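Single-structure report; data block below.
Computed from a prediction, not measured in an experiment: that's the story for all the values here. Every chain is numbered from 1, with letters handed out A, B, ... down the list of sequences.
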Amino acid sequence: MRIQSPKGTRDILPSEIQTWQWVERVARSVFGTYGYQEIRTPIFESTDLFVRGVGDTTDIVEKEMYTFNDRGNRSVSLRPEGTASVVRAILQNRLLDGASVLKVYYIGQMFRYDRPQAGRYREFWQIGVEAFGADPPAIDAEIIAVGHQFFSTLGIKDLILHLNSIGDPACRPKYVEDLKAYAKAHLDELCGKCYARHERNPMRILDCKENGCRAVVANAPLLSNYLCAACRENFDMVKSYLDRLEIDYHEDPYIVRGLDYYSRTAFEFTAGGLGAQNAIGGGGRYDYLAQEIGGARTPGIGFALGMDRIIIALDAQHVTVPTSPPVDVYLTVLGDAAMPIALQLAQDLRENGVKTDLEYKGRGLRAQMRTANKLNARYVVMIGEDEISNEAATVRDMGSGDQQSVAFQQLAEMLREKVDS
RNA sequence: GUGGAUGUAGCUCAGUCGGUAGAGCGCUUGACUGUGGAUCAAGUGGUCGUGGGUUCAAAUCCCAUCAUCCACCCCA
C-alpha cells in the first residue's frame with residue numbers, strides 16, 4: 001500500500017501555489033499599511049497554554065487537539081489557533097514594555113482533530129491579526145477595517161460582517177444565569193446536545209441549528225438587554241466608528257465565539273460559494289486572556305482568517321488571480337553537441353534574471369516546442385548545428401512567430417531587455 | 001463522534017444479466033530531415049482502494065477495512 005498524506009491534510013501543489021502566494025502578498029501589504037508587523041511563533045506549545053487560554057470546556061481543547069508527550073515527558077500540543085501563542089510570546093519577550101499598542105500578524109498552519117469536510121481540514125491555514133495592549137473602541141473598529149479591506153482587495157464577493165457584543169465579567173454572568181434558567185424551563189424542547197450542555201455552556205444553545213432549539217432561542221433572553229453601561233457604550237462607539245468608515249455590518253445577537261477568552265466585541269465574516277463552512281474569518285476582543293496565562297491583565301483584540309476557505313471562495317467566485325508564467329525563455333537543444341552550449345547560455349540568462357528552462361532529454365524539436373508553448377514561454381532560443389557553427393542562436397518570439405539570429409555573446413543582454421519591457 | 005455518497009489508466013469517467021478492462025484528455029512518435037497553439041494516425045499507459053468470502057469464473061454479488069467527498073457537529 002502506497003503511503004498517503006494523513007487524513008485531513010493535503011498538498012498545496014505548484015499549480016495552485018500562485019493563488020496562495022497572492023493571498024499572502026495581499027495580507028502582508030494590507031496589514032503593513034495599518035502598521036502591523038509579522039510574528040512567528042512555535043507550531044507546538046505547552047498543552048497548558050491552550051487549556052488555560054482557549055478554555056478547558058471548549059470543543060477545541062476537549063476533543064480536537066493533537067496532544068502528546070515529548071521524550072522529556074512534557075505534554076505539548078500542536079497549536080489549534082494562533083492568539084494564545086501570540087499573547088504568550090508578547091508577554092514572554094516583554095514586547096509591550098514601552099510600547100503603547102502592539103500590532104502583529106501571523107500566517108501559518110493550525111491543527112484540529114475534526115472530521116474533514118468541505119472547507120475543513122485537520123491541518124489548515126490561518127492568517128491572524130492582533131492588536132494588544134489597548135481597549136478603546138477605535139482599535140476594535142480598526143481591526144474590523146483591516147479584515148474588511150483585506151477581503152475587498154482580494155475581490156471576495158457576498159461578504160457579510162456579523163457583529164455582536166458578548167459582554168464582560170461585569171454583565172455576562174447575570175445573563176448566563178438567566179439564560180440557564182430559561183433553558184431549564186424549556187428542557188423538553190431542546191435537542192439532546194443542548195440538553196447536555198445547558199448547564200456548562202448555555203450560550204452554545206444560541207447558535208444551535210436544531211429546529212426545536214431555534215424555537216426556544218427565538219424567545220430566549222438577549223445578551224444585548226443585559227449589557228452593562230460600559231459594554232453598551234463601547235459597543236455603540238464601535239458601531240459609530242464602523243459607520244464613519246462606511247463598513248456595513250449586520251448586528252447578530254447569536255454570534256457566540258467558541259473560545260472562552262472573548263469578551264465584548266465579537267464578529268464574523270461570511271462569504272458566498274462555500275457550502276456549510278461559510279465563515280472565512282472571525283474574532284473579537286480578549287481582555288482577560290493575558291491573565292489566564294499568567295500575565296497582568298492586558299486588553300487585546302484580533303481575528304483569524306481561514307486561508308483554505310478564502311481560496312475556495314476565490315475559486316468558486318471566479319476571482320481572477322494575478323499569475324506569471326513559470327519561465328520567460330525556453331531553450332531547445334538539438335544534437336549532443338548543443339547541450340553544453342545550451343547549458344552555458346541558460347546560465348548566462350539566469351544570471352541576468354531571466355527565468356529560463358531548457359530541454360534535457362533530447363526529444364524532437366516538435367516536442368520541445370510543444371513544451372515551450374505549454375510553459376507559456378515568451379521566447380524560444382534554438383541551439384542546433386547551424387547555431388553552433390554561426391555562434392548565434394535563433395530566437396523565436398512565441399507571440400508573433402518572428403525569428404532572428406542573435407550572437408551568443410549578446411543573447412543574455414538582449415533577452416533581459418525584452419523580458420523586462 | 002453520527003449519517004449519506006463514492007473509490008476502475010497521470011486526470012475526468014464508462015463498464016449491461018458475474019464471462020477475465022474501455023473512452024476522452026494527457027504523454028511519446030509520426031503525417032511535416034530543425035519549428036508551438038489546429039487536425040489526423042499509431043503507440044504508451046491498469047495490484048479495478050485493500051483483505052477475505054461465494055462461484056467453474058468477480059471491476060460486477062456478500063463481509064470487513066481504509067481513503068475521499070458531502071452533511072450533522074464544530075469553527076477559520
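- Taking A:I12 as the reference, A:E16, A:I17, A:W20, A:W125 meet the side-chain contact (heavy atoms from CB on, under 4.5 Å) condition, with sequence neighbours excluded.
- Counting non-hydrogen atoms under 4.0 angstrom, A:Q368 reaches nothing in the nucleic acid.
- For A:D397, the side-chain contact (heavy atoms from CB on, under 4.5 Å) partners two or more places apart in sequence, or in a different chain, are A:Y379, A:S400.
- For RNA chain B, the residues of residues 381-389 of chain A within the heavy-atom distance limit of 4.0 Å (strictly under) are A:M382, A:G384, A:E385, A:D386, A:E387, sorted by number.
- For the pair A:K103 and A:Y105, the cation-pi test (distance below 6.0 Å, angle within 45°) is failed.
- Listed candidates were B:rU35, B:rU29, B:rA76. Nearest to the side chain of A:A279 is B:rA76.
- Applying the side chain to side chain donor-acceptor pair (under 3.5 Å) test to residues at least two apart or on different chains, the pairs with a partner in residues 315-332 of chain A are A:Y330-A:E359.
- No cation-pi contact links A:R172 to A:Y226, judged by a cut-off of 6.0 Å to the six-membered ring centre and 45° from its axis.
- Contacts between residues 319-347 of chain A and RNA chain B, defined by a heavy-atom separation below 4.0 Å, involve A:L334, listed by number.
- Distance A:L365 CG to B:rU29 C1': 14 Å, rounded to the nearest Å.
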Could you list, one pair per line, each protein nitrogen or oxygen that sits under 3.5 Å from a nitrogen or oxygen of nucleotides 37-44 of chain B, together with the distance?
residue, atom, partner, partner atom, Å
B:rG37, O4', A:N373, ND2, 3.0

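- Using a 4.0 Å cut-off on heavy atoms, none of the residues of residues 79-90 of chain A approach RNA chain B.
- For A:H186, the ring-ring contact (aromatic ring centres under 6.0 Å, His included) criterion is met by A:Y182, not counting sequence neighbours.
- Residues passing the ring-ring contact (aromatic ring centres under 6.0 Å, His included) test with A:Y254, sequence neighbours excluded: none.
- Within residues 113-120 of chain A, the residues having any heavy atom under 4.0 Å from RNA chain B are, by residue number, A:D114, A:R115, A:Q117, A:A118, A:G119, A:R120.
- Checking the phosphate oxygens (OP1, OP2) of B:rU68, a side-chain nitrogen or oxygen of A:K7 falls inside 4.0 Å.
- Using a 4.0 Å heavy-atom distance criterion, A:A367 is classed as a sugar-phosphate-only contact.
- Under 3.5 Å, the side chain of A:Q403 and the base of B:rU35 form at least one donor-acceptor pair of N or O atoms.
- Separating the CD atom of A:E64 from the C1' atom of B:rC75 is a distance of 8 Å, rounded to the nearest angstrom.
- For the pair A:G362 and A:N278, both in contact range of RNA chain B, the more 5′-proximal nearest nucleotide belongs to A:G362.
- Across all strands, A:A372 comes closer than 4.0 Å to no nucleic acid atom at all (heavy-atom distances).
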(request) Convert the base pairs of RNA chain B into dot-bracket notation, remembering that pairs crossing earlier ones are written with [ ] and that bases paired across to another strand are shown as |; include only Watson-Crick or G-U pairs under 3.5 Å. (result) (((((((..((((.....[..)))).(((((.......))))).....(((((..]....))))))))))))....
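- Applying the side-chain contact (heavy atoms from CB on, under 4.5 Å) test to A:S405 and every residue at least two apart in sequence or in another chain returns A:A392.
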